[in-house]
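Just the heavy atoms: all of them, side chains too, but no hydrogens, waters or symmetry mates, feed the values below. Lettering of chains follows the sequences in order, A, B, ..., and the numbering in each one begins at 1.
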There are 2 protein chains.
Amino acid sequence: MANRVNTKHEAWARIIKALAHPSRLFIIEELQKGERCAGDLTEMIGADASTVSKHLSVLKNAGLVADEKRANSIYYTLRCPCILDFIGCVEEVLSANAKEHANILKCCKK
Amino acid sequence: MANRVNTKHEAWARIIKALAHPSRLFIIEELQKGERCAGDLTEMIGADASTVSKHLSVLKNAGLVADEKRANSIYYTLRCPCILDFIGCVEEVLSANAKEHANILKCCKK
DNA sequence: TGGCTACTTGGCTATTTAGCCAAATATGTC
DNA sequence: GACATATTTGGCTAAATAGCCAAGTAGCCA
């Protein structure tokens, strides 16, 4: 009886891992507004271009974004807009955490 | 002009990182069905008890699960059921990836 | 108290990841 | 072709993470 953790969970984890970084979440959020090229994102993030490029390739390998070369820039777009819903859920967790934290403080004050 | 990646994105990333592991996703999926104690999960996962315990504490620190001690077992429950929706979105990405992959194969065959 | 079961913590190693710099590649212009 | 711009790739180091084993803690029962 063991190892009910399987390929499905590994596939999920691969996608989720690709999302698990502040800069990459910023990119996702920005792409929600429309396509952006690597240079735009690099400037907004304020890190080395190579670093941002690697973040973009992580997102691309996970299938979260698509890229298209036009002129001498590469434009990135979101492939599955549903990712925002997911962020909504994360916000829900965060606000639940904040509420609980506030309760603990209130309780200690008494 | 830089560093529009901020605390919000870091907070998101912390939660998402907690989800980004096959065993932890298995735990989330299992808890969806109802509470489970650490021992049950350990047996199902088939890893060392200390390993599973650490996964549970990662989930707990992120505020994703809650624990309750009863008798000499510790029972874990999901704190925000919306996490499942999020997994729905991950599945959507995976099926989009599969479809694209199939198209590439089809195209090469011609 | 002593011993049992259930779980967590500490300590260690191996692996993965993030970030920078420097170098390579690709496109567009003169 | 030479050169500029935009982006990626390779190489390296520092930091984070996963996993095991061994030791510690906590509740229960005799």
Is a side-chain donor-acceptor pair under 3.5 Å present for A:Arg79 with B:Asn97?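 Yes - a donor-acceptor pair under 3.5 Å links their side chains.
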Please, which pairs that meet salt bridge (charged side-chain N to carboxylate O under 4.0 Å, His left out) have at least one residue in residues 48-64 of chain A, sequence neighbours excluded?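 Residue pairs passing salt bridge (charged side-chain N to carboxylate O under 4.0 Å, His left out), neighbours aside: A:Lys60-A:Asp67.
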Between [X] and [N], is there a side-chain N or O to OP1/OP2 distance below 4.0 Å?
X: A:Lys17; N: C:dT17; result: yes
X: A:Arg24; N: C:dA18; result: yes
X: B:His55; N: D:dG19; result: yes
X: A:Tyr76; N: D:dA6; result: no
X: B:Ser53; N: C:dT8; result: yes
X: B:Lys60; N: C:dT8; result: no
X: B:Ser73; N: C:dC7; result: yes
X: B:Ser50; N: C:dT8; result: no

Across the strands shown, which category fits B:Ala49 at heavy-atom distances under 4.0 angstrom: base, sugar-phosphate, nothing?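 Here B:Ala49 touches the bases of the nucleic acid.
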According to a 3.5 Å limit on both distances, what stems of 3 or more consecutive Watson-Crick or G-U pairs are formed with DNA chain D?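 Ordered by first number, the stems with DNA chain D (at least 3 consecutive pairs each) read C:1-30 with D:1-30.
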